[in-house]
Amino acid sequence: MLLLLAGCLLLTACGGGGGAAPAALASQQPAAVNPDPTPPADPVYVTGIFETSTEFESYCENPRPGTADMLGSELFEKHWMRSWTHDFYLWYDEVSDQDPADFDDKLVYFDELKTAAVTPSGAPRDQFHFTLNTEEWQQLSQSGVSTGYGMSLIAINPSPPRELYVRFVEPGSPAFIAGVRRGSRIIELDGADFINGNTQSDFDAFDAALSPASSGESHDFVMLHPGDAGNSSFSMTSDNIISSPVLISDVKTTASGKVGYLVFNDHIATAEQQLRDVFTDFEAEGLSDLVLDIRYNGGGFLAIASQLAYMITGDADTDGKIFELQTFNDQHTVVNPFNGQPIIPMPFFDATLGFSVSPG
């Protein structure tokens, strides 16, 4: 399921930018800094009344030099989130309207700006509600680079006794070199008991170890690897990790023919060439079936999804047909609110779209 700028909100105010097409890969030149350093009066909350998000988008508590940021306050940033959500969020009418001033932390407030509805299976309807620094998002989406150890984690139980496991490991990453593998469980972080620790110092240790702010940070881990009788203690140093959107591709020979297996984790720019290479190999193998594993895929560029669908299906079943039609909320039914263009169906793309860029 791919929800791009519909069920999630990438924080792009205060000089940020976003998009879903190849043109979004081009850099944007910042405007001049506001010459008036005096911040305006804080916005006032009125229940059910929403100013347009553009009224607040450039006002920041900490303006960045050389950008279009203007001096404001954190309250401006929270009002921007509130107005943006009301205008663009797919389920805007299911969001409880709360006074931004009642929240000391803007990220805590952001967590409230989503629907509380669940699907028939009991899962949250909105599973893509997250925040990410604009520069980090651009780096990840365009070149697949992020800071960390190269391991993806999943919390089975986030409260004591906590259970945090490794879902997969990037080849050649610090985690891979340290012997971390799928199913490894975190026991301690920098000497703090991860399973039962519940003090502020424990939480600080967890945050520092699991979310290194930059490459070159060394942290101590204790993990229980699957199949081992005891725990393993080791250190890992964070690095700039180049993710592999195509994590695994393999061909198995079965009684009914050759079956391809593809683990596809990210619809990011670098996926385009990787997918083309894999499907060239698959075609040469003469597959009878394909298993597409996207259980860990968080989405990304819809155009990449269209290319992948074409690679799987081919000309005969896609020529002249629609791959998808973007649906926004009922306030935007004719014009795409993010590019000002008419909402038209996206076809199956059978050629490169210029996504491919060199990692690093």
Side-chain angles (χ1 to χ4, degrees), residues 1-2 140-146 148-154 156 164-185 223-228 232 236 239-318 323 348-353 355-360:
M1 182 180 184
L2 296 175
L140 175 62
S141 64
Q142 296 175 31
S143 60
V145 177
S146 60
Y149 311 103
M151 60 182 183
S152 176
L153 304 173
I154 182 170
I156 303 301
L164 186 65
Y165 293 90
V166 175
R167 301 191 299 180
F168 62 84
V169 177
E170 294 286 352
S173 65
F176 180 87
I177 296 171
V180 178
R181 51 190 184 269
R182 175 178 168 82
S184 294
R185 182 184 180 184
M223 289 190 183
L224 176 61
H225 300 314
D228 288 0
S232 297
M236 287 195 292
D239 201 354
N240 291 324
I241 306 299
I242 301 176
S243 67
S244 300
V246 177
L247 186 67
I248 300 172
S249 62
D250 196 11
V251 176
K252 301 292 185 183
T253 300
T254 71
S256 60
K258 292 184 177 181
V259 178
Y261 176 62
L262 173 62
V263 178
F264 182 46
N265 283 349
D266 282 298
H267 291 72
I268 59 177
T270 53
E272 185 181 59
Q273 187 61 51
Q274 291 185 21
L275 288 171
R276 293 175 66 192
D277 292 342
V278 166
F279 276 86
T280 297
D281 294 339
F282 281 170
E283 185 177 16
E285 289 283 351
L287 302 183
S288 59
D289 292 286
L290 172 68
V291 177
L292 178 62
D293 188 341
I294 54 174
R295 75 184 92 173
Y296 304 132
N297 194 308
F301 295 116
L302 290 171
I304 294 289
S306 176
Q307 288 181 315
L308 174 59
Y310 171 79
M311 293 178 198
I312 294 173
T313 310
D315 284 316
D317 295 318
T318 60
F323 170 66
F348 287 83
F349 293 128
D350 60 358
T352 180
L353 296 170
F355 274 100
S356 298
V357 293
S358 299

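Just so you know, these numbers use all the heavy atoms, side chains as well, and skip hydrogens, waters and symmetry mates.
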Query - Heavy-atom pair of closest approach, residues Ser173 and Gly150 - result: OG-O, 3.5 Å
**Report entry** Close side-chain approach of Phe349 to Leu353, heavy-atom, < 4.5 Å
**Finding:** yes
Report summary line: Nearest heavy-atom contact between Arg167 and Leu153 is NE-O, 3.7 Å
Query - Beyond-backbone contact of Leu287 with Asp289, side-chain heavy atoms, under 4.5 angstrom - result: no
Requested in this report: Would you give the length of the straight line joining atom OG of Ser152 to atom CZ of Phe168, rounded to the nearest 0.5 angstrom?
Outcome: 4.0 Å
Requested in this report: Taking the side chain as every heavy atom from C-beta outward, state whether Arg185 and Leu164 have any pair of such atoms under 4.5 Å apart.
Outcome: no
Requested in this report: Would you mind telling me which of Asn265, Ile268, Asn297 makes a side chain to side chain contact (heavy atoms under 4.5 Å, CB included) with Pro245?
Outcome: Ile268
Report summary line: Nearest heavy-atom approach of Ala175 to Met151 is CB-CB, 3.9 Å
Report task. Determine, step by step, whether Ile312 and Leu290 satisfy the side-chain contact (heavy atoms from CB on, under 4.5 Å) criterion, reporting the C-alpha distance in whole Å, the side-chain angles of both residues, the deciding distance to 0.1 Å, and the verdict. Result -> CA-CA 8 Å; Ile312 294 173; Leu290 172 68; 3.9 Å; yes
Report task. Would you check if Leu275 and Ile304 make a side-chain contact, meaning some heavy-atom pair closer than 4.5 Å? Result -> yes
Query raised in the report: Looking at Gln307 and Ala351, what are the two nearest heavy atoms and their distance?
Result: NE2-O, 3.0 Å
**Report entry** Verdict with reasoning, Lys258 to Asp250, per salt bridge (charged side-chain N to carboxylate O under 4.0 Å, His left out)
**Finding:** CA-CA 10 Å; Lys258 292 184 177 181; Asp250 196 11; over 6 Å; no
Query raised in the report: After noting the C-alpha distance and the side-chain angles of Tyr310 and Asp315, does the key distance pass the side-chain contact (heavy atoms from CB on, under 4.5 Å) rule?
Result: CA-CA 7 Å; Tyr310 171 79; Asp315 284 316; 2.7 Å; yes
**Report entry** Validation row: Leu292, Tyr261 side chains within 4.5 angstrom (heavy atoms)
**Finding:** no
Query raised in the report: Just by distance, do the side chain of Ser184 and the backbone of Val180 share a donor-acceptor pair under 3.5 Å?
Result: no
Query - Residue pair Val278, Leu262: steps toward the side-chain contact (heavy atoms from CB on, under 4.5 Å) verdict - result: CA-CA 9 Å; Val278 166; Leu262 173 62; 4.3 Å; yes
Query - Note, Leu308 side chain near Phe279 side chain (heavy atom, < 4.5 Å) - result: yes
Requested in this report: Answer whether the closest heavy-atom distance between the side chains of Pro171 and Leu247 falls below 4.5 Å.
Outcome: yes
Requested in this report: Please name the pair of heavy atoms, one in Ser232 and one in His225, separated by the smallest distance, quoted to 0.1 Å.
Outcome: OG-CD2, 3.5 Å
Query - Pair Gln274-Ser244, side-chain hydrogen bond (donor to acceptor under 3.5 Å, both in side chains): steps then yes or no - result: CA-CA 9 Å; Gln274 291 185 21; Ser244 300; 5.3 Å; no
Query - Residues Asp266 and Tyr296: side-chain donor-acceptor under 3.5 angstrom - result: no
Query raised in the report: How about Ser243 and Glu170: does a side-chain donor come under 3.5 Å of a side-chain acceptor?
Result: no
Requested in this report: Please check if atom OH in Tyr165 has more than 12 non-hydrogen atoms from other residues, nucleotides or ligands closer than 6.0 Å.
Outcome: yes
Report task. Provide the closest heavy-atom pair for Thr254 versus Gly257 in the form atom of the first, atom of the second, distance. Result -> OG1-O, 2.6 Å
Report task. Begin from the C-alpha positions of Leu302 and His267 and carry the test side-chain contact (heavy atoms from CB on, under 4.5 Å) through to its verdict. Result -> CA-CA 8 Å; Leu302 290 171; His267 291 72; over 6 Å; no
Query raised in the report: Can you find a heavy atom in the side chain of Val251 that is under 4.5 Å from one in the side chain of Val259?
Result: no
Query raised in the report: How many angstroms lie between atom OG of Ser249 and atom CZ of Phe264, to the nearest 0.5 angstrom?
Result: 12.0 Å
